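Notes to accompany the following structure.
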Amino acid sequence: MNFRDYLKNYPDENGRFGEFGGSYLPPELQKAFDETTQAYRTICLSQRFIAELRRIRRDFQGRPTPVTHCENLSRELGDGSCQIYLKREDLNHSGAHKLNHCMGEGLLAKYMGKKRLIAETGAGQHGVALATAAAYFGLECEIHMGEVDIAKQAPNVARMKILGANVVPVTHGLKTLKEAVDSAFESYAKNYKDSIYCIGSALGPHPFPMMVRDFQACVGFEARDQFIEANGFGPDVVCACVGGGSNSIGMFSAFLEDSCEIVGIEPLGLGPELGNHAASTTYGSKGVMHGFESIMLKDEQGEPAPVYSIASGLDYPAVGPEHAFLNSVGRTRYEAIGDEDAVEAFYRLSRSEGIIPALESSHAVAFAMKYAKEHRGKTILACCSGRGDKDVDFVVEKFGFGDEFLAKRAAEGKRF
Ligand SMILES: *Cc1c(COP(=O)(O)O)cnc(C)c1O
């Protein structure tokens with residue numbers, strides 16, 4: 001397949017990436033999503049919109065974020081001739097890449113004359129990023145969250161409230177993400193005239209996979225320019241962690257026409273048994289859930305399977321449809337990295353480079369480290385999607401400060 005003009009031609013006008021994507025919604029909600037699609041298709045071409053988003057990226061978010069050459073870490077692996085580089089989304093305002101699409105969605109809401117942003121959140125990262133955008137644009141923000149998650153994610157709930165968001169507790173069913181999605185959809189169906197729904201990754205019904213990809217593409221285009229300026233050539237491999245697939249699709253979209261290998265890193269959690277991981281592309285199959293068609297993990301009834309990862313931002317039972325498509329045509333491939341490998345990467349990047357990565361990002365770093373150990377004279381560019389401050393308490397409680405954990409890995413012959 002030829003990738004010239006790919007970003008203009010995919011998805012098609014129905015939001016399809018080949019056989020994946022689309023929109024499967026009840027009529028009332030479909031009407032609301034169609035309105036967002038129409039508005040986005042027009043507004044995203046407006047010079048005023050583009051100029052304002054550029055200014056926000058620079059003056060509020062602190063973009064461009066740098067690309068850092070991890071010289072110490074590279075020296076420690078293999079014969080030291082394979083070089084690891086990181087795109088530093090941990091340095092994006094609010095500490096992760098999620099703000100890239102939330103600011104885009106907020107600006108779109110402003111141009112559409114909406115007064116409220118509605119979303120659900122699981123671990124709370126999307127809720128915090130969206131509340132940040134709402135505060136910036138002077139919009140109301142309504143975040144639906146299961147009661148169980150509210151209890152587990154107290155610091156993120158506090159952040160959302162400080163930022164002025166209305167956190168709506170969801171008290172029925174299992175009181176987690178699935179019920180929060182239903183509750184948010186219900187509120188949106190009632191209020192879409194003055195509200196916009198904001199999905200937190202490159203998934204869901206059209207236009208979100210396209211819109212979130214476009215808003216995240218700054219990650220990849222910046223990184224490609226920065227890497228080439230520093231080295232005179234592009235990287236041999238580009239990788240990023242894949243939950244729903246937003247930081248990764250943003251990163252990948254700039255490199256599709258190049259000859260580099262592109263690898264998405266999924267969470268293998270505790271192992272390949274269903275329920276122990278969230279490696280949707282690696283172990284999943286085709287299906288429709290949550291309003292779109294993609295590759296997903298299903299239980300015996302064909303319902304979304306239970307998933308697990310040590311990184312709460314990665315535990316989703318499907319991938320965005322564009323990943324399913326790029327995988328099907330062979331332009332990207334997917335590998336799974338387990339909890340313990342990610343935790344080793346978390347400690348080693350911290351100690352060798354002075355960067356504490358999010359546990360999600362640690363999956364991409366772990367892959368880069370494994371790759372560097374096994375290859376000679378190559379360059380690999382990984383996306384550090386977020387900073388690890390949010391994970392520090394949990395990691396210390398479970399694994400300590402790293403000495404023992406790393407010594408045990410070495411003794412077991414598992415250390416990278
Ligand atoms: C949410 C999150 C992810 C996973 O989401 P994607 O949409 O797959 O990018 C990865 N890293 C961090 C830091 C996150 O907060």
Side-chain angles (χ1 to χ4, degrees), residues 65 86-102 104-105 119-132 149 153 155-156 159 177 198-204 208-220 239-253 263-267 278-281 290 292 294-295 307 309-324 326 332 334 336-337 342 345-346 349 355-367 382-392 394-395:
T65 59
L86 292 185
K87 176 61 171 167
R88 301 289 306 283
E89 290 306 291
D90 55 313
L91 296 177
N92 195 30
H93 176 50
S94 80
H97 72 288
K98 283 198 175 70
L99 195 65
N100 298 330
H101 59 253
C102 288
E105 289 168 341
E120 76 286 339
T121 194
Q125 296 298 108
H126 176 51
V128 171
L130 197 64
T132 303
D149 289 330
Q153 309 289 344
N156 277 340
R159 282 183 197 109
L177 186 63
C198 296
I199 291 181
S201 188
L203 46 75
F208 284 91
M210 167 181 74
M211 230 162 63
V212 170
R213 184 238 2 234
D214 293 354
F215 290 143
Q216 288 294 348
C218 58
V219 175
C239 72
C241 68
V242 181
S246 68
N247 85 89
S248 47
I249 205 69
M251 190 77 174
F252 297 172
S253 55
V263 191
I265 313 303
E266 301 193 305
S280 318
T281 316
H290 304 164
F292 67 105
S294 191
I295 298 292
V307 283
S309 164
I310 193 168
S312 54
L314 300 181
D315 59 358
Y316 184 71
V319 284
E322 191 163 10
H323 285 286
L326 291 171
T332 55
Y334 296 80
I337 289 281
F346 176 91
L349 186 68
I355 300 168
I356 303 178
L359 281 173
E360 290 82 1
S361 322
S362 301
H363 287 72
V365 176
F367 175 79
C383 186
C384 184
S385 53
R387 65 178 180 223
D389 303 41
K390 68 183 177 60
D391 299 314
V392 162
F394 171 80
V395 169

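The analysis underlying the following values was restricted to heavy atoms, covering all of them including side chains, and did not include hydrogens, waters or symmetry mates. Indexing begins at 1, ligand by ligand and atom by atom, following the structure's order. Everything quoted here is computed from the prediction, not taken from an experiment.
Shown here is I356, whose CD1 atom has no more than 12 heavy atoms of other residues, nucleotides or ligands within 6.0 Å.
No side-chain N or O of K98 forms a donor-acceptor pair with one of S246 less than 3.5 Å apart. Remark: the T65 side chain and the E89 side chain contain an N/O donor-acceptor pair separated by less than 3.5 Å. Residues T281 and E266 have side chains that bring a donor and an acceptor to within less than 3.5 angstrom of each other.
For atom 13 (C) of ligand 1, the closest heavy atom belonging to the protein is S385 OG, 3.5 Å. For atom 4 (C) of ligand 1, the closest non-hydrogen atom of the protein is G313 O, 3.3 Å.
For ligand 1, the polar-atom distance check finds an N/O of S201 within less than 3.5 Å of one of the ligand's N/O atoms. Any N or O atom pair closer than 3.5 Å counts here, and G386 shares no such pair with ligand 1. For a threshold of 3.5 Å applied to N or O pairs, the pair formed by S361 and ligand 1 contains no separation below that value. Inclusion of G245 in the set of residues having an N or O under 3.5 Å from an N or O of ligand 1 is warranted. Checking only distances, N247 does come within under 3.5 Å of ligand 1, N or O to N or O. Between A202 and ligand 1, no pair of N/O atoms sits closer than 3.5 Å.
At a 4.0 Å heavy-atom cut-off, ligand 1 touches H97 through the side chain alone. With a heavy-atom cut-off of 4.0 Å, K98 touches ligand 1 through its side chain alone.
In this structure, F208 has its ring center at least 6.0 angstrom away from the ring center of H101.
One distance of note links OH of Y334 with SG of C239; it measures 12.0 Å at 0.5 Å rounding.
A donor-acceptor pair under 3.5 Å is formed between the side chain of S361 and the backbone N or O of G386.
V242 is not listed as a side-chain neighbour of H363, based on a closest heavy-atom distance of 4.5 Å or more.
Which parts of ligand 1 touch G243 is read off a 4.0 Å heavy-atom cut-off, strictly below it: atoms 8 (O). Near C241, meaning under 4.0 Å from any of its heavy atoms, are these atoms of ligand 1: 10 (C).
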